[in-house]
Amino acid sequence: MSKKLRSEDWFGKDDKMGFVHRSWLRNQGYPDDYFKGRPVIGICNTWSELTPCNGHLRDFAEIVKRGVIEAGGFPLEFPVTSLGETIMRPTTMLFRNLASMDVEESIRANPLDGVVLLTGCDKTTPSTIMGACSVDLPTIVVPGGPMLNGRFKGECLGSGSFNWMVKEKTLVENYTAEDIHEAEIGAARSQGHCMTMGTASTMACMAESLGLTLPGAAAIPAVDSRKKVMAQLSGRRIVEMVRADMKISKILTRKAFENSIMVNAAVGGSTNFIIHLLAIAGRIGIELKLEDFDTIGSKIPLLVNLKPSGKYLMEDFYYAGGLPVVINELKKQLHNDAVTVNGKTIGENNSNPVCYNKEVITSIDTPLQNEAGIVVLKGNLCEDGAVIKPSAATQSLMKHKGKAVVFETMEDYHARIDDPNLDIDENSVIVLKGVGPVGYPGMPEVGNVDLPEKLLRKGVKDIVRISDGRMSGTAAGTVVLHISPESSIGGLLALVNDGDVIELDVAQRKLHLEVSDEELLKRKAVWESAGADGNKGLCEVLHRSCTAGTPGCRPGYFTGRLRQ
Ligand code: FES
């Protein structure tokens, strides 16, 4: 071995501190040779019973250890903050950076030479990659894998995607409470994360397309024995990466990020991809801008027929050939020379995959949609940008003008959306304020708010919705998200009133509020004098119904009360 191991600074010394570092670890029963030149591999585990999607990762850590030991390494597993999407309040996004700091400092402070990241639920992938980037050791990702397809009434049911339709199913299709109960059970019938192309699957595809996993890892279901094989091989491989000094910064080049943007478009990935990829790029020092997602990805066709953009689920995607098929279809667009964790290029890894089901993964010559990548909008309503996912939107609404129906907060929305007197129809534009990073706080996944009961009963499936919040990767609709600057810090969104006309033109990348500058200045003055001088003032303005002392309320964050 040519390069000195980082861990030798802890274990390789014959002085008092060497004694201390070795002696206490010996209480686990490690023999002498474990402290003599073996690469020490940290197994960064996001296992938690409070993160159901990662509930199997404790077992997976043992399998990774097998591989590490086989290759001559010394595995040491450590727990990090785990973020359970469906359980945490007010939203896991509030804690992603905190989790990444936990990962970063856990790696940096300990005698590790390389790291295996065990990931699953949405935020556990970006938070661990971000933390690993900041330390820049050899790193490999083991995605925990999706659940088996949900089953309900003899058909497949997508976790995540179904729950967005519960209101519609109940009102329009007369689903009973028993039906919903059956769906609840059938939606999650094995270990793993959401099996739609939601954010967790998107993040797994992101990791694979960045080159951070072994080829084909993203789509393997959590309970498939081949997932365990992949975990064991990843354990072997990380030891070799340490010996080759193959740091994560050697994988995460600008080319890798561009590849990932294109692959995300082709699989119909989540809009959350933008937020997390930008954060990873920032940590590793690669310049990446919001506009790059449109420039690089928006012209890429949709090739994968998975919910919420399409019909099938991750299990089908795996059986059809998984991400290698998609990467091969995109070979004329991708940087095929981008290096991946196994030491080969992404082109070499994915040069000859077989597609076993062309209904699930189409060829680039017969795409499901021609231009499917996330679009970045600009206009007076979003000077710093907003995004929309065309593959999940209604094509007839991609160019639309309608009158705003404004909800100042999520509480306001819940209180009034089903009011029979609400002045709303299929041409309206729902405007939801106060759900951005500061406003909620933490930018929750609420942008795809349900339609009002009276429209659902009329058979309306989608209307334009705009907000400064996010949307679950499992959701669909003509939903404009991430409006920036957000309303709570004085973005123009804060000034929209009921009845204002809003124009959305996706082809022209335009989101525009048809109100004169003069009128907007007047509204701005009123808004500021009403107390836009920080969180406290806004709390009074936006959360008039706030019940002080309600659990979850954080003074200064003006959460008002628990959301979701
Ligand atoms: Fe964990 Fe969807 S809730 S992946």
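Numbering of ligands and ligand atoms starts at 1, following listing order. From a predicted model like this one, the values you see are computed outputs, not experimental measurements.
For atom 1 (Fe) of ligand 1, protein N/O/S neighbours under 2.8 Å (waters excluded) are C53 SG, C121 SG.
Judged as a ring-ring contact (aromatic ring centres under 6.0 Å, His included), and not counting sequence neighbours, Y312 has no contacts.
Residues M203 and T119 form no side-chain contact, since every pair of their non-hydrogen atoms from C-beta on lies 4.5 Å or further apart. Side-chain contact check for L118 versus N54: every heavy-atom pair is 4.5 Å or farther apart.
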For T409 and D412, what are the C-alpha separation, side-chain angles and deciding distance, and is it a side chain to side chain donor-acceptor pair (under 3.5 Å)? CA-CA 5 Å; T409 64; D412 185 23; 5.3 Å; no

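Listed by first and then second residue, the side-chain hydrogen bond (donor to acceptor under 3.5 Å, both in side chains) pairs involving residues 203-223 are S209-S260 (not counting sequence neighbours).
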Just distance, no hydrogens or angles: give the donor-acceptor pairs under 3.5 Å from side chains in residues 139-146, sequence neighbours left out.
| residue | atom | partner | partner atom | Å |
| --- | --- | --- | --- | --- |
| T139 | OG1 | L137 | O | 2.8 |

